[in-house]
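Here the structure is laid out as structure tokens; the discussion comes afterwards.
So that the names make sense, note that chain A is the first sequence line, chain B the second, and so on, each numbered from 1.
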Amino acid sequence: MSLLLLIPLLPLIGFLINGIGFRKIPKTLVGLIGAGTVVASFACVLFLFLNFDGQPRVEKVYDWITVGNLNLSFSFQLDQLSLLFMLIITGVGSLIHLYSIGYMKHDEGFGKFFAFLNLFIFFMLLLVMGSNYVILFIGWEGVGLCSYLLIGFWNKNANYGDAARKAFIMNRIGDLGYLLAVFLILTNFGSVEFTDVFRQAAGLKAGNSTILWITLLLFVGAMGKSAQIPLYTWLPDAMAGPTPVSALIHAATMVTAGIYMIVRSNLLYTLAPVTLEVVGWIGLATALLGASIGLFQNDIKKILAYSTVSQLGYMFMGLGVAAYTPAAFHVMTHAFFKALLFLGAGSVIHAMSNEQDIRNMGGLRKALPITFLTFLIGTIAIAGIPPFAGFFSKDEILLHVFEHNKLMWGIGVFTSMLTSFYMFRLLFLVFFGNFRGTHEQQHHLHESPLTMTLPLMALALLSAIGGFFNVPEVLGGGAKLANFLAPLFAAAQNVRPEAFAMAELSHSTELALMIGSVAVAMIGLAAAYVIFISRKTVPVGEGQEHGLQKVIYHKYYVDELYDAVFVRPVNALSVFFHQVIDFLLIDLLVEGVGKFVKGLSKEFRLAQTGATGFYIFAMVIGIAALLAWSLRGLILG
Amino acid sequence: MLTLILILLPLVAGLVVLGLQGRVIKRVALLAALIELALAVYIFYAFRPDASSQFSLRYDWIGSLGISFSIGIDGISLLLVVLSTLLVPLIILSTFNHSYRNPSVFYALILAMQSALVGVFTAKDAFLFYLFFEAALIPVYFIAALWGGENRIRVTFKFFIYTFFGSIFMFLGLVYLYFQTPGGHTSDLAAFYALQLSAEQQNYLFWALFVAFAIKMPVFPFHTWQPDTYVESPTPATMLLAGIMLKMGTYGLIRIVLPIVPLGVERWGTTALVLSVIGIVYGSIIAIQQRDMKRLIAYSSFAHVGLMAAGILSQTLDGLQGSLIQMLTHGINVVGLFFIVDIIFSRTNSRELDRLGGITQNTPNLTVYFIILMLGSVALPLTNGFVGEFLLLRGVYEYNTWLGAVAGLTIILSAVYLLRMVQKSMFGVRTALTEHVTDLNLSEKLVLLPLAIMVFAIGLNPNAFLRLTEPAVAQLLQSMVK
Amino acid sequence: MQPTIPDVVQTIPLPYYIWFASALFVIGIVGVLTRRNAIIIFMSVEVMLNAVNLLLVAFSAYRSDPAGQVFVFFIMAVAAAEVSVGLAIIVMIYRNIQSIDIGLLNRLKG
Amino acid sequence: MLSIISLSLFGILNLFLGFLKSRRVLLPATLLFIALAFAANLLDWNHQYVYFRDMLRTNNLFINFSSIILLTTFLTVAISRSFGTDEEHTHPAEYYAIMLFSVVGALMMVGFENLIMLFIGLEILSVSLYVLTGSDKRSLRSNEAALKYFLMGSFATGIFLFGIALVYGATGSFNLSAIGSYVSGGPTTGISPLLYVGLLFILAGMLFKVSAAPFHFWTPDVYDGAPTLFTAFMSTVVKTAGFAALYRLLTVSFTGVYGLWWQVLTGVTVLTLLVGNITAVYQSSVKRMLAYSSVSHAGYLLIAVAAKTPQSPSAILFYSLAYSIATITGFAVLILVAEQKPIEGRPDERYEAFNGLAKRNPLLAFSLAVSMVSLAGIPLTAGFWGKFFVFSTAVDRGMTNMGMVLVVAVLMSVVGVYYYFRVIIASYLKTGDSEPIGIRPLYRFILVLTTALTIGLGLFPDVVRQLF
């Protein structure tokens with residue numbers, strides 16, 4: 001068996017063992033199997049990565065669906081992109097598994113949790129390893145399922161269940177778009193294999209309408225999975241799941257599937273400039289929206305969730321300007337620091353006895369030193385302050401955006417400031433100032449166990465140094481990642497070089513931009529410092545917001561809007577169809593036929609009067625009618 | 001010969017069962033169904049994957065009229081034979097925790113039903129087909145009407161009359177076709193296929209034949225008998241109806257409508273397809289707000305079958321293959337779901353979603369099976385539902401892009417209503433009814449396990465089935481171009 | 001030479017017979033329709049039968065074919081049988097309801 | 001021919017047997033007579049004879065029809081128990097004899113070669129039935145039925161005779177083939193208008209006998225009022241004989257003017273189907289429902305007559321056979337069920353009387369169900385093939401001609417399912433409180449026999465059909 005096959009298989013085995021034997025296998029063994037398989041998988045990936053010769057290869061497992069000329073095979077593709085993502089998934093995945101052993105220790109669904117996590121890793125690996133759009137789709141839907149299962153993990157709470165369903169259904173909306181795109185691809189290219197499709201697509205002209213539709217529909221899929229406007233509202237709600245889930249699925253890996261998919265299809269997107277424009281602007285809008293909502297949230301995980309939405313928007317903005325490598329790079333760094341932040345938040349929640357409202361926290365840096373430190377690193381990283389990871393990736397995106405459109409860049413930078421502000425707001429409110437919780441909570445405050453802090457430290461390290469994987473030349477770096485990924489974009493560069501051509505910016509401009517964005521981040525930091533440290537402001541309580549703040553606190557009422565525009569009408573339609581169309585129209589018509597016959601029968605019966613005279617009269621009339629009808633020819637001549 | 005045994009075995013077993021008493025009845029019935037399954041499995045493996053009809057048998061039944069007792073199995077038949085022989089033992093097994101009045105009659109009727117179903121799926125003579133088609137109606141009507149719920153008499157009678165109404169027009173159409181055959185007339189389906197009918201004839205015939213199958217499936221707007229009947233019938237009857245019987249409709253479309261009246265399909269296919277697609281969306285939307293689990297699944301079944309019909313009417317290889325695999329899939333999933341509803345009902349005496357909740361806390365096994373079957377129904381990749389829906393949607397999409405897109409809404413809507421059902425019944429806070437629900441017992445597991453295995457077996461290796469049906473389907477489509 | 005009966009019959013043109021018989025027949029029908037007394041109705045039927053007889057005889061004479069007259073005998077014989085049964089029934093009714101008005105006979109209807 | 005003579009003799013013999021003290025011997029004797037006549041009838045198989053100077057013709061068709069008539073008579077007699085409500089006033093010997101005589105009339109109607117013979121056969125049958133209808137002398141319903149039947153029947157006879165007279169006037173003959181050659185020679189010599197009028201009058205008379213709308217009004221009332229046993233007899237024997245005669249008359253003599261009577265018959269067929277089936281829906285009495293059902297079946301049979309294809313005789317034969325057997329079964333069960341719990345001294349013939357029958361008497365319920373299913377024309381019963389053959393003739397004739405009729409027929413058979421199944425629903429799905437009904441062995445045997453025949457013919461229609 002090939003090593004490649006082993007990579008997804010290991011977590012699957014873990015899932016099967018834990019899934020079938022849950023409640024029977026002891027917890028320690030569950031943790032060992034759950035984390036062990038992923039670690040082993042990571043080892044395999046690492047081995048492959050180290051032995052990778054730069055030549056992509058496709059490995060077929062078996063023919064899955066064969067109908068006529070349509071052949072969907074189960075096959076895996078090993079190339080730079082899949083390797084990068086496999087590394088992130090199994091690497092961050094391993095750490096989060098490890099973290100979960102500690103975090104979920106007291107949960108009765110421990111085995112179930114690990115089974116689901118392993119299943120998620122399996123599907124996520126399928127997603128990035130599949131060599132065609134359909135295998136990608138298997139993973140795509142599979143991770144959606146795991147996300148559903150894990151958001152609703154604590155199934156006693158009906159709200160969590162609703163959140164889980166919302167996530168699944170919104171993803172499904174996107175999936176429909178994706179599926180239609182697959183049909184379009186099949187119709188036009190006769191295959192869904194990446195290699196086949198791209199080979200044929202390379203011969204097409206930019207602006208081709210088919211490609212436009214394909215890319216737009218694929219992007220609809222990405223909207224759902226990667227929580228872009230308008231399909232983003234599920235992600236903040238998805239925080240109902242256990243925190244490691246938020247870290248792994250809803251920050252580090254699954255939500256970046258859309259970015260993966262677009263990077264994978266970079267050739268198609270490059271051929272569709274219109275779509276790219278759409279992607280860019282939607283990304284930007286999402287980034288701004290997410291960041292702005294993040295400003296006033298009080299739930300620690302919600303803030304991080306909106307931050308994720310915002311960062312994903314950033315990545316799409318990057319994709320929109322054909323900055324594929326920076327987007328992928330940002331996926332990586334984001335995986336590090338966002339996972340770190342979530343896990344840190346988890347550690348805080350753990351310590352606070354499941355308290356998530358930052359208004360009830362404060363001054364935790366003494367009680368949770370490791371958590372604080374690592375969280376701090378994460379915050380700096382996301383805020384885009386050098387030399388931490390976020391700075392490099394974000395800056396590179398902004399650089400490309402600047403090239404592309406100055407307005408976009410301006411908004412992007414503004415968003416960056418907001419990011420810095422709300423992240424530091426979070427940091428300050430949680431770890432500085434005085435403790436605002438109950439006595440009982442204060443009494444229980446404690447640093448998390450080693451299984452939890454170890455991953456935090458590892459991720460903190462990565463967040464700190466992650467940026468150095470791709471240091472731009474202007475800072476004297478070797479742009480290693482860019483070089484590594486370069487072969488992926490060769491074809492796209494070939495068909496439309498202008499999309500990639502960077503007007504050689506002077507180094508000084510480049511540096512100026514960098515300094516500008518750092519400065520903006522610092523402004524955000526400073527503002528947060530002034531408000532929350534100097535003035536010791538604490539966000540107001542529920543229902544006391546005013547004006548714009550209130551609108552933003554309530555997430556611009558988008559959920560309510562969707563409820564009013566989609567959910568209620570569909571529910572009303574359901575009742576209408578059922579009660580009115582089905583019962584009153586169709587069924588009444590059907591029953592009406594029966595009733596009509598019955599009624600007719602009643603009338604016909606009346607003819608049977610029982611009077612002999614009438615009967616004979618009817619006979620005579622009948623004969624007369626027969627005569628008249630038959631002999632009308634004779635009578636009329 | 002083997003085919004004849006397949007048809008007669010359940011009938012004979014049914015007669016034997018009629019004479020038995022006590023606990024042995026269930027076992028004999030189950031045994032007969034299992035033997036039948038074993039035979040079907042043998043055929044499955046002995047079957048050569050080509051377009052020919054195998055295990056054929058021909059006996060001049062009404063020689064003077066050219067009506068023969070002609071049966072045989074080709075790929076399309078095989079799939080449905082496998083479906084019926086697989087489901088019937090499970091349906092019988094699913095009744096092991098119930099005790100029905102007059103058990104001997106009950107099981108005899110189930111076995112008789114199987115006999116008729118296998119007959120429908122293997123008949124190669126038009127009138128024989130019609131005969132079995134009608135004959136299948138009687139046992140299930142009686143099962144539903146004798147052991148059903150409160151309104152059973154009215155509801156099942158409506159069902160009976162309605163379906164009879166549909167099939168009698170098919171009968172008329174078949175008689176007409178019979179008189180179009182050259183010479184001394186014959187009702188061999190093969191002879192019907194060879195007819196060269198004018199477009200006008202085919203237009204009429206299309207509706208005469210289509211309505212019968214449309215009611216059976218049912219296709220919008222011929223569906224109003226269905227939810228009531230499913231709800232009022234005892235669960236085994238519901239399983240038979242939804243799991244196997246409605247496939248008689250889709251099978252009929254493939255076997256009768258497409259090859260005999262291709263020009264009629266060309267003229268009216270789009271209309272019928274639009275109706276089917278309306279049914280998908282319409283049924284799904286109605287399902288969203290249902291409170292009764294059985295009714296919910298009934299509407300979901302209605303929606304799913306619309307997709308199958310649409311796939312068949314798309315006259316594409318993908319659509320037909322998809323609908324075939326979906327027939328198998330839908331049978332498995334819907335039987336499983338109905339059984340789970342039955343299990344819940346047997347524990348809580350309720351199917352009202354509003355009154356249930358939190359069942360999973362007592363029943364990990366049930367939850368797992370429920371979720372597996374639910375996932376199959378929402379067509380998650382690697383489950384059986386995905387294969388069918390993917391091919392079906394692609395078939396419809398090839399036929400018409402917009403119809404394909406609208407039909408695709410099923411992907412979203414099915415998730416909406418099925419997740420709601422799972423959520424409201426299994427998750428959340430326990431209610432007074434669900435406080436003491438017990439988990440699956442052995443016989444229940446024995447029913448659900450094969451179903452769950454099939455969910456993944458088909459999902460992972462659909463080619464095992466697609467391979468069998470493809471030659472026959474390809475030939476059928478070939479013949480339509482004549 | 002005395003004229004034969006057919007000759008005598010033929011002194012009147014055939015259409016006259018037909019019209020006359022038809023008129024008689026219609027009179028019978030009208031009688032049946034308008035009367036409520038069972039016996040009178042039955043007598044009207046007899047009128048109808050006699051119209052038929054007349055017609056048959058006329059045709060028979062004009063065609064010189066005895067079959068028609070033979071038929072008349074049969075009709076007469078059968079009518080006699082009918083009368084016996086019919087009167088029996090009427091008597092039976094009368095015994096039960098002391099009336100032979102058919103208007104009273106409407107228990108069976110619907 | 002032998003059957004006609006022997007039956008006449010047996011009838012007289014039966015009257016003599018009535019003088020015997022023991023009435024027990026009557027039933028077996030009558031059955032034996034019928035069986036003997038049946039056997040005698042078969043002797044002529046595959047021979048063509050013409051009797052009495054072209055008055056009667058026997059051939060295989062005659063034998064087939066008369067066999068069906070004799071079979072149904074046999075079955076009817078076999079389920080007879082007593083006539084009337086009390087023993088003292090009943091005269092079984094007479095009634096058996098009258099039944100035998102009426103069968104003689106029926107056979108004449110089947111085999112006539114001359115309109116005189118048709119008239120005589122018709123009258124023998126009718127007059128006998130007037131008597132049988134009124135046989136329950138104490139019952140006002142029976143009286144009323146008899147009088148109605150008698151008045152309307154004799155009126156119809158008048159109409160019929162007038163028609164014959166006119167046809168005679170036009171053609172100069174009562175002989176079927178002679179009329180036939182006149183009619184088919186029409187295009188060259190011209191057809192007298194008298195013939196058209198005469199044909200229509202004859203048709204009206206015949207349609208009255210087979211109870212086709214709008215000449216059907218007597219049927220429900222008479223069937224309802226007559227003792228159930230005779231209702232069974234009437235609704236089967238008369239129908240078979242009537243259709244045999246109608247078909248024979250129209251095809252042998254009037255093929256030349258098919259265009260004329262085809263139109264009339266299709267119109268009447270549609271009307272009959274509609275009236276019969278739809279009116280049956282609302283009935284609350286099973287007996288009356290079966291009466292209307294009898295009207296509706298006349299409609300189906302008329303389809304085969306109107307289609308007039310080479311397959312029509314066999315279709316009519318098969319349909320008559322299937323219909324007769326099923327109807328006898330239905331009435332047989334009705335007799336038992338209705339008499340179990342009389343209401344106000346009258347048999348309870350409502351649907352409710354059948355409630356829970358399956359629990360009490362599984363055999364009765366099953367026989368009844370099979371007969372109803374057969375009447376409804378559902379597959380695997382004889383009735384299905386009957387409908388099949390009848391519809392086949394129409395399809396064979398062509399959709400442009402018969403399409404409309406067929407659609408009505410098909411729709412009406414759905415309506416038929418509705419009212420026939422109500423009986424099944426009552427007996428299987430509803431619960432009743434009565435005791436099981438005791439059934440005599442012969443009765444039980446007859447029920448099993450008819451049920452087996454219905455199913456057997458449903459499975460292997462060719463067995464009989466090869467003979468037709």
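- For D:F388, the parts lying near chain B are the backbone and the side chain together; criterion is any non-hydrogen pair under 4.5 Å.
- Scanning residues 395-404 of chain D against chain B with a 4.5 Å heavy-atom cutoff picks out D:V395, D:D396, D:M399, ordered by number.
- Most heavy-atom pairs under 4.5 Å with chain D, from the set B:F127, B:Y178, B:F142, B:F133: that is B:F127.
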Assess the residue pair D:K430 and B:I153 against the criterion (side chain to side chain contact (heavy atoms under 4.5 Å, CB included)); give the C-alpha distance rounded to whole Å, side-chain angles, the decisive distance to 0.1 Å, and a yes or no. CA-CA 9 Å; D:K430 302 206 166 149; B:I153 293 179; 4.1 Å; yes

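- Contacts between B:F69 and chain D at a heavy-atom distance below 4.5 Å are absent for every atom of the residue.
- Options D:G377, D:A358, D:P379 differ in how many heavy-atom pairs under 4.5 Å they form with chain B, and the most are formed by D:P379.
- The minimum heavy-atom distance linking B:R152 with D:L429 is given by the pair NH2-O, 3.5 Å.
- Atom OG in D:S413 sits 10.5 Å away from atom CZ in B:F165 (nearest 0.5 Å).
- Residue contact with chain D, scored on non-hydrogen atoms closer than 4.5 Å, involves the side chain of B:Y141 exclusively.
- Only the side chain of B:F157 comes within less than 4.5 Å of a heavy atom of chain D; its backbone N, CA, C and O stay farther away.
- Side-chain contact between D:F421 and B:I161: absent, with no pair of heavy atoms (C-beta onward) separated by less than 4.5 Å.
- Proximity to chain B is limited to the side chain of D:I425, based on heavy atoms less than 4.5 angstrom apart.
- Inter-residue side-chain proximity for D:L411 and B:F169 is flagged as met; some heavy-atom pair is nearer than 4.5 Å.
- More than 12 heavy atoms of other residues, nucleotides or ligands shown are found within 6.0 angstrom of CD on D:E352.
- Here the CD1-CD1 distance, from B:I138 to D:I424, works out to 7.5 Å after rounding to the nearest 0.5 Å.
- Taking both residues in full, the closest heavy atoms of D:D462 and B:S64 are given as OD1-OG, 2.8 Å, listed atom of the first, atom of the second, then distance.
- Interface residue D:L459: only backbone heavy atoms are found under 4.5 Å from chain B.
- Heavy atoms closer than 4.5 Å to chain D are found nowhere in B:Y204, neither backbone nor side chain.
- Annotation: D:F366, atom CZ; neighbour count of heavy atoms from other residues, nucleotides and ligands within 6.0 Å does not exceed 12.
- Here the straight-line distance linking atom CG of D:L406 with atom CG of B:L172 works out to 5.0 Å at 0.5 Å rounding.
- Aromatic ring centres of B:F171 and D:F384 lie closer together than 6.0 Å.
- We find the CH2-CD1 distance between D:W385 and B:I67 to be 4.0 Å, quoted to the nearest 0.5 Å.
- With a threshold of 4.5 angstrom between heavy atoms, B:L137 does not approach chain D through any atom at all.
- Of all residues spanning residues 275-285 of chain D, none has a heavy atom less than 4.5 Å away from chain B's heavy atoms.
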